[in-house]
Amino acid sequence: MLFSFLSANINHKVLIIIPCYNEAQNVALLYNELHDLKVEGCTISPLFINDHSSDSTKDKLMEMGVKFLDNPINIGIGGTVQLGFMYANEYEFDFAVQMDGDGQHPPKDLYKLITPLLKKEADVIIGSRFIDKKGFQSSALRRFGINFFSRLNKLLVGISIKDSTSGYRAYNKKAIFELIQYYPDEYPEPEAIVYLAHKGLKIKEVSVTMNERVMGVSSIRRFSTIYYMIKVSLNSIFLHLKMKSNG
Amino acid sequence: MDKIQILAIIAVLFFITLITRFILKGKLRTEYAIIWGLMGLIFLVFSLWRQSLDLLAKFFGVYYAPSLIFIFFFFMIFIFLIHLSVVNSKQHEQIKKLAQEIALLKNCLHNTGNG
């Protein structure tokens, strides 16, 4: 009876949002993994969103016959993920999961993100590579950046998320509703933590094992620049001040 | 009248004609038309009445009268550029919103199209 919340008669609809920008080489691999994925008590629907890729991503998605949205122009990672939240809201999904289209986020760990939502432990679940320190740990520079944003978040909103830039996240309806109102444009992850914390949502980090990119170059999020650090820091601080002054 | 003054008047008249044409063709929104129209008028006053600049400079205690022009226009251009950045940021948001809506609508159309 302990796991009665997982009983089959309560079927939760889960949307997997997969933003794709020039991911023609990766989408088929990811879809194959998602295809046979099952989480008890949930119906899983993958939704690829093609952010006006200049390669053959769209053709690949059509070939595969999967459900996908097609942006008429390139709007960037933030707007694309937000579009997924809009879709989740429109079609009344219970949970939305964002997962990178480049194969970094393992679909087999999906249940780890969904289970705490089913148990109502939190509103937002973040998949973290640093809790058990397994799998791809990223470069030293990138780890420095991730750590920096963790500290900044702690300073601003008092919560400590170790893998602050992880884009492998799951949200419940309450969180989806807030994210439709606002979601940062570029490099959205650390700033989104500040926003969600201000909205009073409970955020929990769970351990996942991340992979290195399967193929291709990450063009959707280039991390290595100082510009990134400055921009995200300023965005977070501005957002914090704005939300603080608005009560 | 010096040659430079005649040249200035011709330039200003050209500027005003250009603005008027843009307004008449509907290529310039009214709020910008007002700003540029005013600019044109200010130019016109200065080019027709040369002493006005010296008088103004004297009034503000500026020794070198032309520097007054630079201060004034640098300031105006700065304000205007900030304004354009604000407009640009707003349009960026609006375009994103539109693109998102279009993507959702395309999906709806596709669904109904397939029965």
Side-chain angles (χ1 to χ4, degrees), chain A residues 15 17-21 45-53 57-58 61-62 64-93 96 98 101 176 179-188 191 231 234-235 238-239 242, chain B residues 18-39 67 69-115:
Chain A
L15 184 73
I17 302 163
I18 308 147
C20 306
Y21 179 66
S45 320
L47 175 72
F48 289 85
I49 309 180
N50 173 33
D51 191 17
H52 206 72
S53 299
T57 301
K58 189 179 172 181
L61 290 170
M62 284 169 80
M64 285 152 58
V66 294
K67 181 99 203 153
F68 74 98
L69 299 182
D70 188 37
N71 291 347
I73 51 167
N74 181 269
I75 57 173
I77 177 75
T80 303
V81 172
Q82 193 182 36
L83 172 60
F85 298 138
M86 292 163 80
Y87 184 93
N89 184 55
E90 181 96 18
Y91 295 95
E92 293 176 341
F93 280 85
Q98 60 175 104
I176 293 168
L179 291 165
I180 290 172
Q181 321 301 318
Y182 178 74
Y183 196 69
D185 266 340
E186 286 176 276
Y187 320 113
E191 195 189 336
K231 186 170 175 179
L234 283 178
N235 276 352
F238 288 159
L239 181 74
K242 192 173 124 191
Chain B
L18 203 69
I19 300 295
T20 318
R21 270 178 65 101
F22 279 138
I23 296 169
L24 291 178
K25 279 187 173 177
K27 282 186 177 175
L28 205 58
R29 288 180 59 85
T30 322
E31 59 257 44
Y32 298 123
I34 292 169
I35 294 172
W36 292 117
L38 275 176
M39 284 282 200
S67 64
I69 294 186
F70 292 123
I71 291 172
F72 178 72
F73 283 103
F74 267 131
F75 182 72
M76 292 292 280
I77 288 166
F78 255 80
I79 297 284
F80 194 64
L81 283 179
I82 292 168
H83 167 74
L84 286 183
S85 299
V86 172
V87 171
N88 190 279
S89 305
K90 192 178 151 198
Q91 285 181 340
H92 183 95
E93 269 311 296
Q94 290 172 328
I95 290 169
K96 187 179 82 183
K97 199 101 245 144
L98 280 174
Q100 288 173 330
E101 293 290 343
I102 288 172
L104 283 175
L105 282 172
K106 261 161 74 175
N107 170 65
C108 275
L109 278 175
H110 188 77
N111 287 349
T112 43
N114 286 351

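In what follows, every chain begins at residue 1, and chains take the letters A, B, ... in the order their sequences are listed.
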For chain B against chain A, print all donor and acceptor atom pairs separated by less than 3.5 Å.
from: B:H92; atom 1: NE2; to: A:D185; atom 2: OD2; distance (Å): 3.2
from: B:K96; atom 1: NZ; to: A:D185; atom 2: OD1; distance (Å): 3.0
from: B:Q100; atom 1: NE2; to: A:G79; atom 2: O; distance (Å): 2.7
from: B:Q100; atom 1: NE2; to: A:Q82; atom 2: OE1; distance (Å): 3.1
from: B:K106; atom 1: NZ; to: A:D70; atom 2: O; distance (Å): 3.0
from: B:K106; atom 1: NZ; to: A:D70; atom 2: OD2; distance (Å): 3.2
from: B:N107; atom 1: OD1; to: A:K67; atom 2: NZ; distance (Å): 3.0
from: B:N107; atom 1: ND2; to: A:Y91; atom 2: OH; distance (Å): 3.4
from: B:N111; atom 1: OD1; to: A:K67; atom 2: NZ; distance (Å): 3.2

Subject >> Proximal to chain A - members of residues 71-84 of chain B, heavy-atom separation under 4.5 Å >> reply: none
Subject >> Atom of A:P72, atom of B:A99 and distance for their closest heavy-atom approach >> reply: CD-O, 3.5 Å
Original post:
Atom CD1 in B:I102, atom CG in A:L69: separation rounded to 0.5 Å?
Top reply: 13.0 Å
